[in-house]
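As structure tokens, the structure follows; a few thoughts come after it.
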Amino acid sequence: MKTTNDALSLLIKDHKDVKEMFEQFEGLSDRSKATKKKVADQICQALTVHTQLEEEIFYPAVREAVSDDDLMDEALVEHASAKELIEQIQSMEADDDLYDAKVKVLSEQVEHHVREEEDEMFPKVRKTNLDVSALGEKMMSLKQQLNKL
Ligand SMILES: [Fe+2]
Ligand SMILES: [Fe+2]
């Protein structure tokens, strides 16, 4: 039986956590600028760690096991575009023009990206004999390291 710490479960859990944080952000009133900034920065931090786990550990293993370079290339381009928005959001204050819009667009881009991972990439991974438990362990330890920084 698969443990819940396999790579796919770990990534899906991250996706769910980030979705909840975006929902929390959406629910905040315009007057809670400090909380907005705090939640948005938490989202940015979580996404930064998540994309790093994928790019350093998960994606290279998947690229090798699943022969679909186009799919993996697209995912990397989507990460790069998310990173640009993340940097902008981190350098802004919550009452800056376009702050909410940037968080909203980031949430839409992430939602699209997550759907491609969960509906296209992960099913392909499940059909291979990729050792998702070992990958999950590697990812967990990198995640712990990155969250300590
Ligand atoms: Fe991703
Ligand atoms: Fe992901």
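Both counts, for ligands and for their atoms, begin at 1 and track the order of listing. In this chain, residues are counted from 1 in sequence order. The basis for the numbers below is simple: all heavy atoms, side chains too, and nothing from hydrogens, waters or symmetry mates. It should be emphasised that the depicted structure is a prediction, and the values quoted were computed from it without experimental measurement.
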> From the Fe ion (ligand 2) out to just under 2.8 Å, does an N/O/S atom of H15 turn up?
Replying inline: yes
> Of the backbone and side-chain N, O or S atoms of Y59, does one lie nearer to the Fe ion (ligand 1) than 2.8 Å?
Replying inline: yes
Is the shortest side-chain N to carboxylate O distance from [X] to [Y] below 4.0 Å?
X	Y	answer
R63	D73	yes
D95	K36	no
E120	K124	no

Please name the atom of [X], restricted to N, O or S, that is closest to the Fe ion (ligand 1).
X	result
H79	NE2
E54	OE1
H113	NE2
E117	OE2

>> Could you identify the N, O or S atom of H50 positioned closest to the Fe ion (ligand 2)?
In response: NE2
>> For H113, run the side-chain hydrogen bond (donor to acceptor under 3.5 Å, both in side chains) check against E111, E117, E116 and tell me which one passes.
In response: E117
> For K33 and E93, what are the C-alpha separation, side-chain angles and deciding distance, and is it a salt bridge (charged side-chain N to carboxylate O under 4.0 Å, His left out)?
Replying inline: CA-CA 8 Å; K33 302 283 184 207; E93 294 304 324; over 6 Å; no
>> Among E137, Q52, M139, which residue satisfies the side chain to side chain contact (heavy atoms under 4.5 Å, CB included) criterion with I57?
In response: M139
